[in-house]
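Working notes, structure below.
Each chain gets a letter, A, B and so on, in the order its sequence line appears, and its residues count up from 1.
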Amino acid sequence: MHRLGSLLSHKPLLNPRAPPYSLISSSTFSYSPNSIEIFYDHLLKSCNGSSSLKQIHSALTTTGLITTSPHLGGQIIIKYAKFDDLNRARLLFDNINVCYDKPTSFLCNTMIRAYANVGQCFETLKLYSFMRKTGTFVNNYTYPFVFKACALNLLVREGKVVHGDALKNGFGSDLYVEAGLVDMYAKCGLFVDCRKIFDEMSTKDLVCWTAMITAYEQAEKPEEALILFKKMQQEEGLLADSIAVVSVASAVGQLGDVRNAHTVHGYAFRKSLIEELCVGNSILTMHNKCGNTEKARLVFDMMMERDAISWNSMLSGYTQNGQATEALLLFDEMRDSDCQPTPVTALIMVSACAYLGFRHLGRKFHDFIVDSRMEIDTNLSNALMDMYAKCGDLEKAVDLFNGIPPTERNAGSWNVLISGYGMHGHGKEALELFSRMQEEGVEPNHFTFTSILSACSHAGLIDEGRKCFAEMRRLSVTLEDKHHACVIDMLGRAGLFQEAFDLIKEMPSPPSDGVWGALLLACKIHGNMELGKTAASNLLQLEPNHTGYYVLMSNIYAASNKWKEVWKLREDMKNKGLKKPAAFSMIEYGEDILGFHTADQENPYRHEVYKKMESLAIEMKMAGYVPDLSCALHDVEEEDKERMLNYHSEKLAVAFGILKIDPGMVIRVTKNLRVCNDCHSAFKYISHIYQRKIIVRDANRFHHFQGGTCSCKDYW
DNA sequence: GTAGGGTTAG
């Protein structure tokens with residue numbers, strides 16, 4: 001930063017090789033080509049490869065035109081830049097300059113543009129400084145390039161100095177210069193400066209409006225972006241082009257606004273803008289962000305051409321919307337396509353494995369990344385760590401963390417490891433890491449606090465959790481809803497209902513469904529029907545179509561034998577067309593994953609597994625297990641309830657593990673919903689009787705059963 | 001002969 005800043009102090013800089021005569025005066029040069037120039041100009045226009053460009057360059061050098069015709073010299077510089085050969089472009093630029101006592105504005109602008117377009121801010125500013133020192137006329141073409149380079153590198157101090165220069169030189173009200181300034185200040189996060197320039201502009205065109213709209217969208221203020229967009233249409237009568245559509249689609253996606261998504265899609269379709277790759281990409285991303293993967297897939301399938309962004313966007317859409325297996329299928333299609341996976345693809349696929357808990361597949365993706373020599377940056381490392389932690393291999397996650405050089409670890413790296421320890425029930429270790437993170441000067445963010453509070457809840461570290469929450473208040477950390485939800489979850493699971501409810505009442509903004517949901521879960525665990533009703537009535541107002549909350553409340557009623565209420569809730573669900581999600585458990589069997597759910601007639605192992613589960617129930621009872629009949633949710637005889645408990649999907653999966661998996665091996669099960677209290681207690685007995693290690697993952701929490709105990713403290 | 005606004009992962 002300092003080195004760049006010093007470039008703007010105006011030291012005299014003279015070209016020692018410059019001849020003492022002037023061929024052309026740079027600022028007054030006006031162009032009128034002769035026939036040879038026109039010939040070469042045509043040649044250059046049709047040149048589309050670097051080897052033919054080099055031939056033209058050499059011909060121009062032989063004829064001497066390269067130095068006498070700044071037009072052709074400039075065109076060659078532009079072409080070299082287009083072919084990413086900045087070094088050659090610069091060499092030519094310097095060679096031409098040697099012939100004059102002062103460079104031309106045109107050539108300098110062309111060279112600055114080349115640097116700015118690839119974000120080489122250092123060289124851009126150096127050249128800008130060079131122009132000023134050599135007295136080369138800095139014009140309305142120069143400033144937008146310099147602002148762009150500053151914007152890309154967030155060099156606000158340097159940008160402000162150049163802004164001052166532009167004002168002094170009378171370019172303060174040039175449309176292009178102002179648009180560049182709006183964009184630069186927006187990208188550097190200086191909203192006040194940005195908006196001031198925008199508001200004071202005498203004329204604004206579509207580009208300026210789009211720059212300002214994008215500024216809001218990028219700052220995650222999508223509502224304001226859309227307000228401005230409406231204003232642009234209504235007050236100025238400007239019509240959105242493809243770039244404006246991309247920006248607006250992104251804002252709509254952030255809001256998850258399905259109705260506006262429909263409108264934007266329709267507009268892009270009517271104007272045929274959707275045929276453009278970038279517009280197609282932004283529309284499909286928008287639908288994915290609105291949770292509508294079907295519509296997104298329709299756009300994806302209709303696209304005339306697709307790039308890595310199209311594929312990555314669709315893959316991440318599936319992963320983010322809980323359709324990770326669809327992502328796995330689509331990935332195979334991608335490999336058969338013209339578009340090959342990028343590091344972003346790898347990151348998405350690793351996250352898909354993390355979500356599904358597919359350990360072996362996750363490892364295969366890791367091997368794939370290494371074998372294809374993809375660049376593994378910190379974000380990809382973090383995703384890999386997260387995958388290993390979520391697939392039950394915390395040690396591997398720790399290894400990866402230790403492998404990242406300390407200077408390259410970002411807050412995300414620490415967060416992933418902290419949440420990894422937390423989800424495996426190692427609350428103390430998570431807290432230690434939190435201290436270490438701060439000692440090493442890494443600022444905790446809202447994710448960190450969520451992970452810590454969740455770790456305390458899972459490990460039953462109530463005092464530590466309280467302390468952490470108090471510390472957050474002391475430090476004036478912005479308390480988000482999810483932080484409250486974690487604390488309510490922690491207090492609720494510990495049965496501290498008064499404290500939990502007091503906290504809800506103290507909340508500055510109305511509690512979200514996450515907060516009431518945490519309370520409702522606690523009510524279910526402890527059979528607190530009264531508070532459960534309060535929580536449920538709030539929830540049904542906030543999220544009237546969330547199946548999970550109906551199920552939790554009906555569980556509470558069922559546990560107290562209030563069958564009338566249970567049936568009433570079921571009726572409500574039926575009338576709304578809501579279905580209880582089917583419980584589903586998966587077990588790792590060799591390199592395969594086997595699925596189990598109750599009453600599965602297709603499962604080839606069903607007979608032996610049911611039989612094993614019945615004998616396991618007898619063995620467990622002999623060891624002291626008492627079935628928790630409150631977990632059986634049907635209004636049937638006690639004996640039937642007991643039998644139904646035995647058919648819970650997680651019990652079937654574990655029974656399969658006892659039958660089929662070698663005694664020395666860990667039994668690894670993942671359940672889509674929370675493990676029920678009775679299964680949790682049963683697995684403790686099974687781990688003791690058979691001396692097996694059983695690891696069960698539910699809703700991103702792990703339960704390690706060994707020798708009759710579980711690592712977690714959140715089941716009572 | 002040169003210009004300003006844009007999409008994917010976390």
Side-chain angles (χ1 to χ4, degrees), chain A residues 29-33 37-38 41 44-45 69-78 81 104-114 116-117 139-148 151 171 174-184 186-187 204-215 217-218 240-251 253 276-286 288-289 306-317 319-320 342-352 354 377-383 386 410-413 415-416 447:
Chain A
F29 174 73
S30 69
Y31 175 66
S32 56
E37 279 182 292
I38 292 170
D41 196 44
L44 275 167
K45 279 203 176 100
S69 165
H71 166 70
L72 290 174
Q75 293 306 312
I76 297 212
I77 290 174
I78 292 169
T104 69
S105 297
F106 168 59
L107 280 187
C108 287
N109 287 345
T110 306
M111 198 60 231
I112 280 193
R113 171 200 187 205
N117 278 343
N139 61 20
N140 50 330
Y141 286 88
T142 322
Y143 291 111
F145 295 134
V146 181
F147 294 143
K148 184 179 186 179
F171 290 106
D174 181 276
L175 182 64
Y176 287 80
V177 173
E178 285 177 306
L181 281 166
V182 168
D183 186 54
M184 180 186 73
K187 290 212 167 73
K204 301 192 249 292
D205 63 1
L206 180 63
V207 176
C208 300
W209 280 95
T210 313
M212 198 63 229
I213 291 166
T214 309
E217 175 264 310
Q218 291 284 311
D241 66 356
S242 55
I243 297 180
V245 167
V246 167
S247 212
V248 169
S250 180
E276 286 176 50
L277 180 60
C278 58
V279 177
N281 283 347
S282 68
I283 300 283
L284 94 88
T285 305
M286 172 183 73
N288 276 328
K289 294 238 166 101
R306 298 183 192 115
D307 63 359
I309 292 179
S310 329
W311 287 94
N312 291 346
S313 180
M314 198 60 233
L315 290 168
S316 87
T319 309
Q320 299 290 312
T342 67
V344 173
T345 320
L347 192 145
I348 298 164
M349 296 319 294
V350 166
S351 315
D377 65 0
T378 306
N379 290 334
L380 186 50
S381 291
N382 294 351
D386 191 45
N410 57 24
S413 321
N415 293 348
V416 166
F447 290 115

- Task: Answer yes or no: side-chain N or O of D205(A) and base N or O of dG4(B) forming a donor-acceptor pair under 3.5 Å.
- Result: yes

- Message: Should the side chain of N140(A) and the base of dA3(B) be counted as holding a donor-acceptor pair, with the cut-off at 3.5 Å?
- Response: yes

Please give, in whole Å, the distance from [N] [atom2] to [X] [atom1]?
| X | N | atom1 | atom2 | result |
| --- | --- | --- | --- | --- |
| N379(A) | dT8(B) | CG | C1' | 13 Å |
| L181(A) | dG4(B) | CG | P | 14 Å |
| D174(A) | dA3(B) | CG | P | 14 Å |

Look at all strands and tell whether [X] reaches a base, only sugar-phosphate, or nothing, counting heavy atoms closer than 4.0 Å.
| X | answer |
| --- | --- |
| F147(A) | nothing |
| T214(A) | sugar-phosphate |
| S316(A) | sugar-phosphate |
| I213(A) | nothing |

With respect to the side chain of [X], which nucleotide from [options] is positioned closest?
| X | options | value |
| --- | --- | --- |
| Y141(A) | dA3(B), dG5(B), dG4(B) | dA3(B) |
| K148(A) | dT8(B), dT2(B), dG5(B) | dG5(B) |
| Q218(A) | dG4(B), dT7(B), dG10(B) | dT7(B) |
| K289(A) | dA9(B), dG4(B), dG5(B) | dA9(B) |

- Message: Test your reading of the model: is there a side-chain donor-acceptor pair from N288(A) to the backbone of S313(A), 3.5 Å cut-off?
- Response: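 Present.
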
- Query: Sub-3.5 Å donor-acceptor pair from the side chain of D205(A) to the main-chain atoms of C208(A), do we have one?
  - Reply: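 Pair found, side chain donor or acceptor close to backbone of C208(A).
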
